[in-house]
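Everything below concerns the one structure shown next.
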There are 2 protein chains.
Amino acid sequence: MNTIQYRPIGIIHTPYKIPAGTPIQPPASKGVEADIEVFKEYTEGLTDLGGFSHIYLIYHFHLSGKFSLRVKPFLDDEPHGLFATRAPSRPNAIGLSVVELIGTEENILRVKNIDVLDDTPLLDIKPYVPGFDNCQVHSIGWMEKKINNLAEARDDGRFAE
Amino acid sequence: MNTIQYRPIGIIHTPYKIPAGTPIQPPASKGVEADIEVFKEYTEGLTDLGGFSHIYLIYHFHLSGKFSLRVKPFLDDEPHGLFATRAPSRPNAIGLSVVELIGTEENILRVKNIDVLDDTPLLDIKPYVPGFDNCQVHSIGWMEKKINNLAEARDDGRFAE
């Protein structure tokens, strides 16, 4: 299998219009709301989603530039292997965020704690289930000493095209 | 943006050769190990990943068939909206699993608790960070009454091509 083709199932509408200044993870965007527009042909697939308080958004980092295998992530001044970071420029520029679902109306999902750029193409939605997704983590590598900077750290455009 | 093209960055090698009988989430595959083969040209991007105890695997459900917007998931006898399930047949057949990382050697990652089919194309790896990814969930919808079946539930091939 050489290439895999996906098509957006919707568009993420958020207050963040450009990379610079955008929060880098959902906990750094507490309370900020957004509308997830799922294309109408998929509306039926949203049935029962409203019962879940949190969902995964899987999306395409549409403004990310070429990847490097070593990057300086927003949280650190030292370079790290790309796959040990959540940097947006990746061989496959797939983004992943867990957000709180606060309302659904037909094909629109209202969510909270969004860290995604406006107009981002949405690829998939999955229910977030602690029994599947919450792990007893015992180490977070280089982030151990850096994660306290999360609230202040912001995208500065370094991975944009 | 009409289509998005990705290319596998590696292959997931697991003991699960066919859909039927495969555990449906990592906690249902406790202790089962697998080798993630990242293609050699990406080896440098794995630097520092070994410091993380858990990682996200993002992959393509290569054996999934056509999607329906309402599906009977493995955990229930009732149909639900596709996006309120983790069923593998989706408009974009993207799979997501959190696994425990137990070793790295050059371009091979050894992981535990794998729920993925053998030969699955790998799209991305991200470090799992509780500060980003663990949520205070207050509802899990239809799964509330069904999640106790997780250990026994198995794929039965219903979503395979």
Side-chain angles (χ1 to χ4, degrees), chain A residues 1-9 25-27 38 42 44-54 56 58 60 62 67 69-70 80-86 90-92 94 96 98 100 121 123-135 137-144 147 150, chain B residues 1-9 25-27 38 42 44-54 56 58 60 62 67 69-70 80-86 90-92 94 96 98 100 121 123-135 137-144 147 150:
Chain A
M1 181 176 298
N2 277 324
T3 64
I4 295 169
Q5 288 208 345
Y6 293 139
R7 277 176 179 276
I9 61 162
Q25 286 292 333
V38 177
Y42 300 116
E44 192 188 351
L46 300 175
T47 309
D48 304 326
L49 189 64
F52 292 83
S53 66
H54 290 73
Y56 278 115
I58 299 178
H60 181 67
H62 64 306
F67 71 90
L69 290 174
R70 294 221 188 213
H80 296 283
L82 174 62
F83 298 115
T85 78
R86 304 282 280 255
R90 318 178 73 80
N92 298 309
I94 300 175
L96 177 71
V98 191
E100 187 175 344
L123 296 175
D124 199 10
I125 297 167
K126 297 182 194 291
Y128 181 90
V129 182
F132 304 167
D133 303 308
N134 271 15
C135 289
V137 164
H138 43 87
S139 53
I140 56 167
W142 66 267
M143 281 198 209
E144 209 86 53
I147 198 158
L150 181 63
Chain B
M1 183 175 297
N2 278 324
T3 64
I4 295 168
Q5 288 207 346
Y6 293 140
R7 278 176 178 275
I9 61 161
Q25 285 292 335
V38 176
Y42 300 115
E44 192 187 353
L46 301 174
T47 309
D48 304 324
L49 189 64
F52 293 83
S53 67
H54 290 73
Y56 278 115
I58 299 179
H60 181 67
H62 65 306
F67 71 90
L69 290 174
R70 293 219 189 216
H80 296 285
L82 174 61
F83 298 115
T85 77
R86 304 280 282 253
R90 317 179 74 79
N92 298 309
I94 299 175
L96 178 70
V98 191
E100 188 176 343
L123 296 175
D124 199 10
I125 298 168
K126 297 183 194 290
Y128 181 89
V129 183
F132 303 167
D133 304 309
N134 271 16
C135 289
V137 163
H138 43 88
S139 54
I140 56 168
W142 67 266
M143 280 197 209
E144 209 85 53
I147 198 159
L150 180 63

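Quick note on labels: first sequence line is chain A, next is B, and so on, each numbered from 1. From a predicted model like this one, the values you see are computed outputs, not experimental measurements.
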Please state whether the side chain, the backbone, both or neither of [X] comes within less than 4.5 Å of a heavy atom of chain A.
X	answer
B:Ile147	side chain
B:Glu100	side chain
B:Tyr42	both

At a heavy-atom distance under 4.5 Å, which candidate from [options] has the highest pair count against chain B?
options	value
A:Asp48, A:Leu49, A:Leu82, A:Val129	A:Asp48
A:Gly131, A:Gly45, A:Ala84	A:Gly45
A:Val98, A:Val38, A:Leu123	A:Leu123

Determine, stepwise, if the pair B:Phe52 / A:Phe83 fulfils side-chain contact (heavy atoms from CB on, under 4.5 Å). CA-CA 11 Å; B:Phe52 293 83; A:Phe83 298 115; over 6 Å; no
From [X] [atom1] over to [Y] [atom2], what is the distance, rounded to the nearest 0.5 angstrom?
X	Y	atom1	atom2	result
B:Asp124	A:Leu96	CG	CG	9.0 Å
A:Phe132	B:Leu150	CZ	CG	5.5 Å
B:Ile125	A:Ile94	CD1	CD1	11.5 Å
B:Ile4	A:Ile4	CD1	CD1	12.5 Å

Trace of the side-chain contact (heavy atoms from CB on, under 4.5 Å) decision for B:His80 with A:Thr47: CA-CA 6 Å; B:His80 296 285; A:Thr47 309; over 6 Å; no
Can any side-chain N or O of [X] pair as donor or acceptor with the backbone N or O of [Y] at less than 3.5 Å?
X	Y	value
B:Ser53	A:Val137	no
B:Arg7	A:Pro91	no
A:Arg86	B:Pro127	yes
B:Thr3	A:Gln5	no

Between A:Gly51 and B:Ser139, the two heavy atoms sitting closest are O-OG, 3.0 Å
Going by heavy atoms in the side chains, are A:Asp133 and B:Asp133 under 4.5 Å from each other?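 Side chain of A:Asp133 against side chain of B:Asp133, heavy atoms only: no contact under 4.5 Å found.
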Yes or no on side-chain contact (heavy atoms from CB on, under 4.5 Å) for B:Tyr6 and A:Arg90, after CA distance, side-chain angles and deciding distance? CA-CA 11 Å; B:Tyr6 293 140; A:Arg90 318 178 73 80; over 6 Å; no
